[in-house]
Amino acid sequence: MALVNERARILANGEVGPNLYLMELAAPRIAASIEPGQFVHMKVPNMEAHILRRPFSVYARDAAAGTLEILYQAVGFGTDHMTRIEPERAEHLSGAELIGPVGRAWQQPAGARRALLVGGGVGAAPLFMLCEQLVGAGVRTDVVLGAQTEAALACRARYEALLDAPPRCATDDGSFGREGFCTSLVEEALAEAAAAGEPYGYLAVCGPEPLMKIVAGMAAEAGVPCEASMEKRMACGVGACLSCVVDTADGKKRACVDGPVFDARKVVW
Amino acid sequence: MALVNERARILANGEVGPNLYLMELAAPRIAASIEPGQFVHMKVPNMEAHILRRPFSVYARDAAAGTLEILYQAVGFGTDHMTRIEPERAEHLSGAELIGPVGRAWQQPAGARRALLVGGGVGAAPLFMLCEQLVGAGVRTDVVLGAQTEAALACRARYEALLDAPPRCATDDGSFGREGFCTSLVEEALAEAAAAGEPYGYLAVCGPEPLMKIVAGMAAEAGVPCEASMEKRMACGVGACLSCVVDTADGKKRACVDGPVFDARKVVW
Amino acid sequence: MGAGPRTTAPASVRMAVNLGGLEMKNPVTVASGTFAAGREYGDFVDVASLGAVTTKGVSLNGWEGNATPRIAETPSGMLNSIGLQNPGVAHLKAHDLPWLAERGATTIVNVSGHSFDEYVQVIEALEDAPVDAYEVNISCPNVDAGGMTIGCQTGSVEAVVSRCRAATKRPLIVKLTPNVTDVTEIARAAVSAGADALSLINTLLGMAVDAERRRPVLARGVGGLSGPAVKPVALRMVWEVHKAVDVPLLGMGGISCATDAVEFMLAGATAVAVGTANFVNPHATVEIIDGMAQYCERHGVEDVQELIGALEW
Amino acid sequence: MGAGPRTTAPASVRMAVNLGGLEMKNPVTVASGTFAAGREYGDFVDVASLGAVTTKGVSLNGWEGNATPRIAETPSGMLNSIGLQNPGVAHLKAHDLPWLAERGATTIVNVSGHSFDEYVQVIEALEDAPVDAYEVNISCPNVDAGGMTIGCQTGSVEAVVSRCRAATKRPLIVKLTPNVTDVTEIARAAVSAGADALSLINTLLGMAVDAERRRPVLARGVGGLSGPAVKPVALRMVWEVHKAVDVPLLGMGGISCATDAVEFMLAGATAVAVGTANFVNPHATVEIIDGMAQYCERHGVEDVQELIGALEW
Ligand SMILES: Cc1cc2nc3c(=O)[nH]c(=O)nc-3n(C[C@H](O)[C@H](O)[C@H](O)COP(=O)(O)OP(=O)(O)OC[C@H]3O[C@@H](n4cnc5c(N)ncnc54)[C@H](O)[C@@H]3O)c2cc1C
Ligand SMILES: Cc1cc2nc3c(=O)[nH]c(=O)nc-3n(C[C@H](O)[C@H](O)[C@H](O)COP(=O)(O)OP(=O)(O)OC[C@H]3O[C@@H](n4cnc5c(N)ncnc54)[C@H](O)[C@@H]3O)c2cc1C
Ligand SMILES: Cc1cc2nc3c(=O)[nH]c(=O)nc-3n(C[C@H](O)[C@H](O)[C@H](O)COP(=O)(O)O)c2cc1C
Ligand SMILES: Cc1cc2nc3c(=O)[nH]c(=O)nc-3n(C[C@H](O)[C@H](O)[C@H](O)COP(=O)(O)O)c2cc1C
Ligand code: FES
Ligand code: FES
């Protein structure tokens with residue numbers, strides 16, 4: 001899929017949880033071709049001295065309407081600046097620029113009939129299009145979500161609407177679902193599936209690196225093929241600069257184009 | 001007058017002539033104390049990499065309403081950026097910051113009974129409050145304005161409303177008033193006043209440096225005390241950095257605090 | 001075409017330059033390490049439209065590079081400590097140089113080494129490959145052996161340049177580090193040892209600290225500063241070196257738009273390289289070529305070479 | 001109070017530091033040349049609230065300075081070529097030092113000279129004045145004689161510093177230029193010649209070109225680069241020098257907020273100076289002092305000195 005650099009109008013931008021924001025952008029070319037797990041490399045409008053682009057996974061897209069949605073967390077200068085962008089009415093505003101669709105998409109094994117998706121924090125977002133795809137393909141899909149609080153489970157409602165069984169959730173403060181880390185839910189899901197004789201054929205995980213490492217270990221133990229989406233600081237976002245490398249069994253690989261989705265067994269955690 | 005650094009909300013900002021813009025700001029403390037000829041040193045909002053403030057003379061103020069007006073021309077990055085600022089509705093916008101009131105005001109000689117003000121281009125603006133002051137003090141005041149075109153005579157209407165005799169105007173293209181440079185109008189005004197036995201007791205000039213130099217020469221020739229407002233690149237705007245020096249008969253003087261208004265005879269042109 | 005480039009360059013302006021024997025169809029190449037060997041930017045830039053493609057630094061057997069984080073954003077710039085990761089010269093010959101040749105690109109290969117010998121071996125390995133010029137990097141701040149330390153002393157500069165010179169008849173560009181007291185001294189040493197052209201600047205050595213975590217941001221502690229922040233230093237050095245030596249210069253350091261490129265040519269550069277700006281705008285090179293031609297037309301300049309060193313002073 | 005400072009510093013944090021014998025009530029001074037002698041910022045900053053005021057460089061009989069334009073804005077920075085304009089040491093003694101003393105300010109006088117003798121004469125003239133420390137500027141890029149050329153060679157650094165050392169028992173801070181290959185070599189020379197502390201960095205030599213007018217922006221062609229753009233270079237040099245010598249360091253270069261100041265202390269500075277940031281925000285110094293105390297409180301740091309060189313590495 002050819003990359004484009006698309007000027008994207010910001011259609012909506014608002015808080016959807018504690019320090020969590022949803023931005024909707026008009027970017028028809030990328031919306032038409034992006035696959036689950038791929039990301040866009042965004043030039044945030046009106047930043048002069050912070051020169052680098054910021055990478056964001058796509059949470060949802062509407063190919064017909066030509067729009068994308070990004071779920072983001074304010075963690076630094078750029079994302080904080082993003083929270084203050086007002087949807088653009090005026091034509092003269094510069095708009096965001098998106099390079100996309102970038103990277104290796106989720107690649108569930110062809111024969112998998114059951115899948116488990118594990119999203120920690122904002123990591124729930126990059127899994128949503130995958131979940132839609134799996135459900136559409138008739139794969140029986142379970143979802144585990146973890147977050148700090150109930151309000152931080154910002155993607156939960158969409159997963160609930162999509163799935164037959166609601167996602168299993170864990171929160172640090174116990175305000176929703178299991179209290180504590182979501183890894184215990186993953187362990188249970190794996191065990192239950194194995195016990196029922198219907199083991200998962202695919203596990204996809206996205207979230208903080210420590211979480212992904214633990215989940216990857218559980219998947220390996222259970223013999224379930226596992227993919228993880230890696231976050232690295234990126235300059236070019238197209239594979240040219242080598243800033244974003246991940247240590248893998250096959251040597252250093254670029255998170256932007258060889259990933260962000262990697263075979264979890266290959267990652268040197 | 002103590003300097004303040006005042007956060008100023010932008011109330012209005014619009015084009016008023018070819019590449020000429022009028023910005024209205026809420027800055028009650030500066031509005032209460034600024035004198036004709038003084039300026040504000042503005043931190044233009046939302047510029048990150050262009051770190052320096054920009055100096056602007058005050059065109060008009062409303063002490064009661066706590067507002068200032070600035071007439072500006074888009075000549076570079078900062079002023080161009082200013083043209084795109086929309087008046088602020090939302091509270092979360094950062095706003096401009098103004099250091100002011102800065103500098104030496106116009107200081108017409110105590111006994112002057114007639115005054116001539118000469119404004120070239122946007123130089124018409126910093127003379128307007130002086131004109132009001134002189135008219136208010138009963139000084140018979142004539143005004144000469146020069147610009148490229150009729151539309152660029154953006155201050156003309158206000159001067160007309162204020163003065164008994166409309167300002168004498170010259171435009172480069174002859175679209176209004178005399179065709180050519182306004183210096184010929186200055187020469188005529190000086191000659192007429194002298195011929196009528198009612199010579200000017202004060203001449204104030206603001207505009208491009210070549211214009212000010214010529215007018216200062218004419219004033220000297222005619223024996224009329226003359227002041228000129230000098231433009232120099234400024235960093236601090238408060239007299240500390242010595243970037244803005246003007247060569248004068250008394251050595252190098254800082255345009256920001258020893259000026260911007262200088263005795264034209266003292267300036268080494 | 002969204003945020004794509006507007007190719008509206010006036011055809012009337014002669015844009016070709018000669019960089020120490022290297023014929024370039026226009027004065028714009030890319031800075032080594034910011035464009036790989038062109039393929040990754042293939043959807044954005046036709047490599048044949050550039051004055052040249054300068055490839056990522058290559059060593060004999062390939063290097064692993066440094067640990068991550070390898071980059072940090074700084075005010076109007078960035079730090080990198082990639083550490084010259086590259087798969088070695090054989091891979092470049094097998095995969096990248098044929099690809100560039102097929103597309104009709106003019107190719108400058110940036111050459112690295114841990115030792116004087118390694119530089120020569122890389123050049124020797126490339127002599128039968130489609131390469132139009134070598135850029136010898138004696139200025140990388142991100143490797144412990146070789147790199148910048150070589151580029152800071154006239155003696156080692158002369159040694160490595162004269163050995164590279166003996167190994168090839170192709171145009172030899174020597175890339176200088178800005179991290180020196182007197183760049184003209186290093187420039188003269190490189191020229192006396194046989195450089196056909198000089199390129200400058202490589203990155204300024206810098207550091208970023210994460211106050212919350214009380215650690216350097218980069219895994220390696222220090223890195224090379226590039227981007228608009230360094231442009232004033234780069235312009236000054238190009239100007240100084242232009243006055244000091246007679247060979248043509250390839251200017252770089254923070255070039256982001258056509259005006260920046262013109263500034264470097266006025267200060268004395270014969271050609272310019274666009275680096276960090278590619279990351280910000282993948283069409284940067286193309287837009288800069290167009291913009292330079294437009295500048296020339298607007299200023300009545302018929303041949304872009306009229307700009308070289310044309311600063312009034 | 002409009003855009004004024006919010007003085008909300010937690011009183012519990014001990015903020016005093018000792019810079020080579022100079023007692024500072026907190027680690028924040030101003031960078032020489034950006035604050036005059038304090039009077040011009042009197043409406044914004046109580047000079048007694050600063051760790052110290054560092055005055056503009058002073059020479060024996062006063063200098064005219066360079067022609068205008070003297071400044072140029074650059075990406076996240078600025079160039080200046082003021083050229084050490086100053087009215088001479090007698091004027092400083094008569095007008096500025098008494099004013100600072102009356103207000104209870106701690107005062108560092110920045111000393112300049114065209115010759116080794118002139119540095120010594122300036123110090124001698126100040127020995128009976130209310131001065132708490134000298135900062136010897138061997139690093140100004142904007143004067144032809146003296147200044148930076150002295151600061152680039154270990155021999156001349158030793159010569160000027162040892163003569164200044166002999167002239168005073170007061171704390172002697174030597175200000176280093178970043179325009180050298182190895183700043184640690186210069187640092188060691190200054191310390192061996194008797195410096196009690198080192199300050200760094202002075203400005204990086206740079207240039208700006210006006211492409212439309214085809215001229216340098218600055219009347220003098222080149223100038224000194226300061227502001228956020230240089231922060232990575234400054235941090236790197238502070239870190240290098242901290243590892244190389246045992247005297248305390250006064251860190252500066254692009255410090256604009258409390259986090260920047262903390263970064264310099266973590267990299268090895270005992271105190272910091274705020275320069276160009278004063279132009280952007282006249283309350284910068286006061287806000288930085290408050291912000292540093294808040295950082296300490298948030299991180300459980302009871303004494304700001306715990307931050308010095310505390311980078312985990
Ligand atoms: C492939 C990919 C997909 C991502 N998808 C999402 C998403 O859907 N939602 C979301 O909230 N975040 C996502 N992130 C993380 C997001 O890119 C960072 O939070 C963001 O770049 C932080 O920018 P900042 O200016 O706020 O932080 P600053 O700390 O000011 O940024 C400084 C520099 O570091 C980089 N950086 C800082 N944190 C990260 C990080 N965690 N990962 C990568 N680069 C970082 C920035 O891009 C910038 O170059 C993704 C990252 C990657 C690599
Ligand atoms: C005391 C004083 C009063 C002024 N009053 C007005 C006014 O009422 N209306 C108006 O339109 N302009 C006025 N100016 C000029 C105005 O300050 C400049 O046009 C403006 O700073 C240009 O900024 P820029 O970012 O667009 O240009 P850039 O070229 O991008 O600016 C780069 C740097 O140069 C400085 N600079 C550029 N041109 C000038 C200039 N002509 N004078 C001073 N600094 C300059 C900028 O401040 C900035 O630091 C005044 C200048 C001074 C000194
Ligand atoms: C990510 C990155 C990698 C680089 N790799 C190399 C390299 O391999 N060889 C080299 O000579 N210079 C390398 N450089 C330096 C650039 O070629 C260039 O000299 C420098 O970045 C200044 O130009 P800029 O400001 O336009 O980026 C690299 C720069 C960056 C940012
Ligand atoms: C306008 C200006 C004038 C300066 N004058 C002096 C000076 O007289 N003596 C000196 O040692 N340094 C002088 N400097 C350098 C500063 O003290 C400081 O070292 C440098 O600006 C880096 O700090 P900053 O980035 O915070 O400004 C001057 C800097 C500027 C911007
Ligand atoms: S971000 Fe440049 S290679 Fe991945
Ligand atoms: S602008 Fe700093 S002294 Fe005038």
Side-chain angles (χ1 to χ4, degrees), chain A residues 1-9 26-30 41-45 47-55 66 75-78 94-102 209 230-247 251-258 268, chain C residues 1-5 30-31 33-44 55-57 62-87 210 212 217-219 223 226-229 254 256 275-284:
Chain A
M1 186 59 241
L3 290 176
V4 298
N5 181 33
E6 192 166 22
R7 190 149 282 158
R9 204 149 55 87
R29 301 177 69 205
I30 296 173
H41 204 34
M42 185 193 300
K43 185 151 146 40
V44 180
M47 297 200 326
E48 245 197 299
H50 290 77
I51 63 171
L52 295 178
R53 289 178 179 239
R54 266 68 180 158
V75 299
F77 187 95
S94 51
E97 267 178 47
L98 306 179
I99 292 178
V102 194
E209 211 167 297
M230 307 297 290
E231 274 191 16
K232 288 283 174 181
R233 287 175 178 247
M234 296 182 175
C236 72
V238 301
C241 73
L242 308 181
S243 27
C244 63
V245 293
V246 171
D247 281 307
K252 293 197 193 283
K253 295 286 172 188
R254 298 161 298 180
C256 61
V257 293
D258 302 323
V268 181
Chain C
M1 117 130 259
V30 291
T34 66
F35 205 72
R39 211 189 288 251
E40 284 77 2
Y41 279 98
D43 290 334
F44 302 111
T55 59
K56 168 75 184 164
W63 293 346
E64 270 275 285
N66 297 322
T68 58
R70 288 179 168 187
I71 57 163
E73 193 177 40
T74 68
S76 293
M78 63 175 281
L79 292 166
N80 88 78
S81 71
I82 307 301
L84 285 176
Q85 179 183 333
N86 80 87
D210 182 336
E212 290 305 309
V217 176
L218 299 177
S226 64
S256 308
T276 302
N278 293 305
F279 306 156
V280 183
N281 172 11
H283 301 287

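Residue numbering restarts at 1 for every chain, and letters A, B, ... go by the order of the sequence lines.
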| query | With a 4.5 Å heavy-atom cut-off, do Leu52(A) and Val280(C) have their side chains touching? | reply |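 The answer is no, as the side chains (C-beta and beyond) never meet within the 4.5 Å cut-off.
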| task | Could you tell me which non-hydrogen atom of Val238(A) sits nearest to which non-hydrogen atom of Tyr41(C), and how far apart they are? | result |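 Scanning both residues completely, I find the closest heavy atoms to be CG2-CZ, 3.7 Å.
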| task | Decide, yes or no, whether a salt bridge links Glu73(C) with Arg53(A) under the criterion of side-chain N to carboxylate O below 4.0 Å. | result |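 Between Arg53(A) and Glu73(C) there is no salt bridge, as every charged N stays at least 4.0 Å from the carboxylate O atoms.
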| query | Would a distance-only check, ignoring hydrogens and angles, find a side-chain to backbone donor-acceptor pair under 3.5 Å from Arg70(C) to Leu242(A)? | reply |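 Yes; at least one donor-acceptor contact below 3.5 Å.
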| task | Starting from the C-alpha separation in whole Å, work towards a yes-or-no answer on side chain to side chain contact (heavy atoms under 4.5 Å, CB included) for His50(A) and Met78(C). | result | CA-CA 9 Å; His50(A) 290 77; Met78(C) 63 175 281; over 6 Å; no
| task | Name the region of Met47(A), side chain, backbone, both or neither, that has any atom closer than 4.5 Å to a heavy atom of chain C. | result |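 No part of Met47(A) comes within 4.5 Å of chain C.
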| task | Give, as side chain, backbone, both or neither, the part of Val4(A) having an atom under 4.5 angstrom from any heavy atom of chain C. | result |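 When you check distances to chain C, only backbone atoms of Val4(A) fall under 4.5 Å.
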| field | chain C contact via Lys232(A) - side chain, backbone, both or neither, heavy atoms under 4.5 Å | value |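 For Lys232(A), the side chain is the part near chain C, not the backbone.
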| field | Heavy-atom closest contact (Val245(A) atom, Gln85(C) atom, distance) | value |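 Minimum heavy-atom contact is CG1-OE1, 3.6 Å.
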| request: Begin from the C-alpha positions of Ile82(C) and Ser243(A) and carry the test side chain to side chain contact (heavy atoms under 4.5 Å, CB included) through to its verdict. | output: CA-CA 6 Å; Ile82(C) 307 301; Ser243(A) 27; 4.1 Å; yes
| message | Report which part of Thr276(C) has an atom under 4.5 Å of a heavy atom belonging to chain A: side chain, backbone, both, or neither. | response |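 Side chain of Thr276(C) only, per the 4.5 Å heavy-atom cut-off to chain A.
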| task | Could you tell me which portion of Leu98(A) (side chain, backbone, both or neither) has an atom closer than 4.5 angstrom to a non-hydrogen atom of chain C? | result |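 Neither part.
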| Minimum-distance pair of heavy atoms, taken over all atoms of Pro228(C) and Ile51(A) |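 Between these two residues, the closest heavy atoms are CD-CD1, 4.1 Å.
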| With a 4.5 angstrom heavy-atom cut-off, which part of Thr34(C) approaches chain A: side chain, backbone, both or neither? |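 Answer is backbone: N, CA, C or O of Thr34(C) sit under 4.5 Å from chain A.
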| CG-SG distance between Asn278(C) and Cys241(A), expressed to the nearest 0.5 angstrom |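 So the CG of Asn278(C) and the SG of Cys241(A) are separated by 10.5 Å.
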| request: To the nearest 0.5 angstrom, please state how far the CG atom of Asn281(C) sits from the CD atom of Glu97(A). | output: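 Taking CG in Asn281(C) and CD in Glu97(A), the distance rounds to 6.0 Å.
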| Criterion side chain to side chain contact (heavy atoms under 4.5 Å, CB included) on Val217(C) and Arg233(A), from CA distance to verdict | CA-CA 11 Å; Val217(C) 176; Arg233(A) 287 175 178 247; 4.0 Å; yes
| query | Which bit of Val30(C) is near chain A, if near means a heavy-atom gap under 4.5 Å: side chain, backbone, both or neither? | reply |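 Neither part.
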| task | Find the distance between NE2 (His41(A)) and CZ (Phe279(C)) and round it off to the nearest 0.5 Å. | result |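 Atom-to-atom, His41(A):NE2 and Phe279(C):CZ are 9.0 Å apart.
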| request: Determine, stepwise, if the pair His283(C) / Asn5(A) fulfils side chain to side chain contact (heavy atoms under 4.5 Å, CB included). | output: CA-CA 9 Å; His283(C) 301 287; Asn5(A) 181 33; 3.9 Å; yes
